[in-house]
Amino acid sequence: MPAPAGRHFLQIPGPTNVPDRVLRAMDRPTIDHRGPEFQRLGREVLEGLKAVFRTRQPVVIYPASGTGAWEAALVNTLSPGDRVLMVETGQFASLWRGLAERLGLAPEFLSIGDDPWRRGVDPQAIAARLAADTRREIRAVCVVHNETSTGVTSRIAEVRRAIDDTGHPALLMVDTISSLGSIDYRHDEWGVDVTIAGSQKGLMLPPGLSFNAVSEKALAAAESARMPRSYWSWKEMLGPNASGFFPFTPATNLLFGLREALAMLQEEGLDEVFARHQRHAEATRRAVRAWGLELQCVDEREHSSALTAVRMPDGHDEAAFRKVVLEHFDLSLGSGLGKVAGRVFRIGHLGDFNDLTLMATLAGCEMGLALAGVPHRGGGVAAAMGYLREVHANAPAGRFVTRS
Ligand SMILES: *Cc1c(COP(=O)(O)O)cnc(C)c1O
């Protein structure tokens, strides 16, 4: 079979499309990771990452998928059998909990309401659980900022305030794998102890890097934490990182790409990047509502700007619909995961993404709904266009498109 003409539309919520600038930056000979050129690169990315996490504290880079950084956060700060409070928001929260269990921790999984996969973390429920923990046995609260299986973004600043109100000393760990670089996030201001992130979503890189941003309090916890760790050890990393090096072979070419991606985010400006994703998320929701389909997220305060999860009408399978869209239009949409497999499909609009990428994606969805025989109304594409047109009409020309 010949390869399809044009570019594949990779509109799953990660991995995301890698910009040409990043591809070009990685397309270079690998350099000596003990030499001076690497040292400059190492220093630049370790420092440059801090702006994206909005932190002045260290960020550790692992050659690993996001799952590795989940494990790193837990093994550096906790001891065998420690209680951790996790919250059932969807598939990724469930996977993190499973990982904690297999490591020999004692996760408690807070599950709120009759359909916890349609809302984010309830700050008051966390506060209530911590207040009841009078013996202070819970060592950490672990939450997912943007639940990629449901398109729900939790309100981390409110979670922080709720923890503070109880005076409980638990660490706060936050998974930002699908939000960092697409949705506003503030490691220092929100008092997060460990932020977990990955390369292949908002950072516009291929899969293969993941990150821990680490607070003073987390570093102090690491001093007495007894979980076995070697490869993931922050201490082993932070020593060589201080001079720009790594304790083992780093993913050199991915770091060239990271340097370029950080430059792109900085040139556009993080606030602009977040506003762009909000605009695309709003346009997508208008399309979904016009189709007469239901959003998975039910709380207006928690709609994700990185992706939109859409519920299929009863009796219709998302996998069959996505197959039609892929086979006809070479467009990949996100599948339903875990408990919502078969019921929900996901439109990724994070990373390197613009107004017309969105319009093509929505057109593929709308044509696919018709071809797959999914009951819906037309007019979703028109509704999204109407919204984008309105935003552009109120902005000076060149506001959203800048070419240097
Ligand atoms: C993608 C994702 C993960 C898993 O990351 P891997 O790189 O696949 O290990 C974890 N959490 C969230 C919120 C994600 O979106």
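Given the structure is predicted, the values throughout are model-derived calculations rather than measurements. Whatever order the structure lists them in is the order used to number ligands and atoms, beginning at 1.
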Query raised in the report: Using a distance-only test with no angle check, is there a side-chain donor-acceptor pair under 3.5 angstrom linking Glu88 and Trp117?
Result: yes
Query - Side-chain donor-acceptor contact under 3.5 Å, His8 with Ser332 - result: yes
Query raised in the report: Any idea which residues sit under 4.0 Å from ligand 1, heavy-atom distances?
Result: Ser65, Gly66, Thr67, Trp70, Phe92, Val144, Asn146, Thr148, Asp175, Ile177, Ser178, Gln200, Lys201
Query raised in the report: Will you find, in the side chains of Asn146 and Ser179, an N or O donor that is under 3.5 Å from an N or O acceptor?
Result: no
**Report entry** Donor-acceptor pair between His349 and Thr361 side chains, under 3.5 angstrom
**Finding:** no
Query - Flag for Asp175-His145: side-chain donor and acceptor within less than 3.5 Å - result: no
Query raised in the report: Can you list every pair that meets ring-ring contact (aromatic ring centres under 6.0 Å, His included) and has a residue in residues 71-101, with sequence neighbours left out?
Result: Trp70-Trp96
